[in-house]
Amino acid sequence: MLDYLTVVRHPLVQHKLTIMRDRETSTNSFRRLLREISQLLAYEITREMEMTTRRIQTPICEMDAPTIDGKKLALISILRAGNGLLDGVLELIPAARVGFVGLYRDPETLQPVQYYYKVPTDLQSRLVIALDPMLATGNSSAAAIDLLKQSGATNIRFMCLLAAPEGIARMKEAHPDVPIVTAAVDERLNEHGYIVPGLGDAGDRMFGTK
Ligand code: URA
């Protein structure tokens, strides 16, 4: 079993994250680094996938070789910043099914508002990995997981780049069965709901909008 919270402290992840936090880092580099880190986080989050064996013939002899069991996993991007993680994870797991949850944060209430929802069928029999780089208040992440559970998902994990203690607490209260894998846990949220020290608005930084 994955722990409820896994912080991936690998030097490569931490080094890349520091470059991403730096306000001088370009959109181009930010996007590339996010893709690279997403693959390292994916390595951790899929560590305990169910395995089976398949009889194959090597050039030398027959063997029962390990292979991933069960249906293709589902990657769910929480729009829009989730797409930055999705690109990298899909490179690593190209056969994954993909879904999208569109939620934006009302700037006044900081509550999530749904504007799009399309996910693969049979979520109940897939490992589902929800992707959102910033676990801030946790409101939109918890709402996205609510929707996935309503669609039948029972085996869900949550991948983010940065998490605030407030977001982790919110997720743990709403979804204690959904392990979180992140590259770092920061200090706190500021009065605008941004993670401190954080990296700013992940969507703006990866897409070059402002
Ligand atoms: N979303 C972001 O993109 N950044 C934050 O710091 C918090 C939420």
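First listed ligand is number 1; within each ligand, the first listed atom is number 1.
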Report task. Applying side-chain contact (heavy atoms from CB on, under 4.5 Å), run through I76 and I156 and close with a yes or a no. Result -> CA-CA 10 Å; I76 309 295; I156 309 174; over 6 Å; no
Query raised in the report: Taking the side chain from D106 and the backbone from E108, do they hold a donor-acceptor pair closer than 3.5 Å?
Result: yes
Report summary line: Under 4.0 Å from one or more heavy atoms of M134, ligand 1 contributes atoms 1 (N), 2 (C), 3 (O), 4 (N), 5 (C), 6 (O), 8 (C)
Query raised in the report: Are any side-chain N or O atoms of R80 and backbone N or O atoms of I78, one a donor and one an acceptor, separated by less than 3.5 Å?
Result: no
Query raised in the report: Which pairs with one or both residues in residues 139-157 pass salt bridge (Lys or Arg N to Asp or Glu O under 4.0 Å), sequence neighbours excluded?
Result: K149-D177
Report task. Please identify which atoms of ligand 1 are closer than 4.0 Å to at least one heavy atom of A202. Result -> 2 (C), 3 (O)
Query raised in the report: Would one find an N or O of G203, backbone or side chain, under 3.5 Å from an N or O of ligand 1?
Result: no
**Report entry** Contacting atoms of ligand 1, where contact means under 4.0 angstrom from a heavy atom of G200
**Finding:** 2 (C), 3 (O), 4 (N), 5 (C), 6 (O)
Report task. Could you tell me the separation between the OG atom of S140 and the CG atom of L103, rounded to the nearest 0.5 Å? Result -> 6.0 Å
Requested in this report: Starting from atom 5 (C) of ligand 1, find the nearest protein heavy-atom neighbour and note its residue, name and distance.
Outcome: Y194 CD2, 3.4 Å
**Report entry** A136 N/O to ligand 1 N/O under 3.5 Å
**Finding:** no
Report task. Could you tell me which atoms of ligand 1, counted from 1 in the order shown, lie closer than 4.0 angstrom to a heavy atom of I195? Result -> 5 (C), 6 (O), 7 (C)
Query raised in the report: G193 heavy atoms, cut-off 4.0 Å: which ligand 1 atoms fall inside?
Result: 7 (C)
Query raised in the report: With sequence neighbours left out, what residues match R35 under salt bridge (Lys or Arg N to Asp or Glu O under 4.0 Å)?
Result: E91
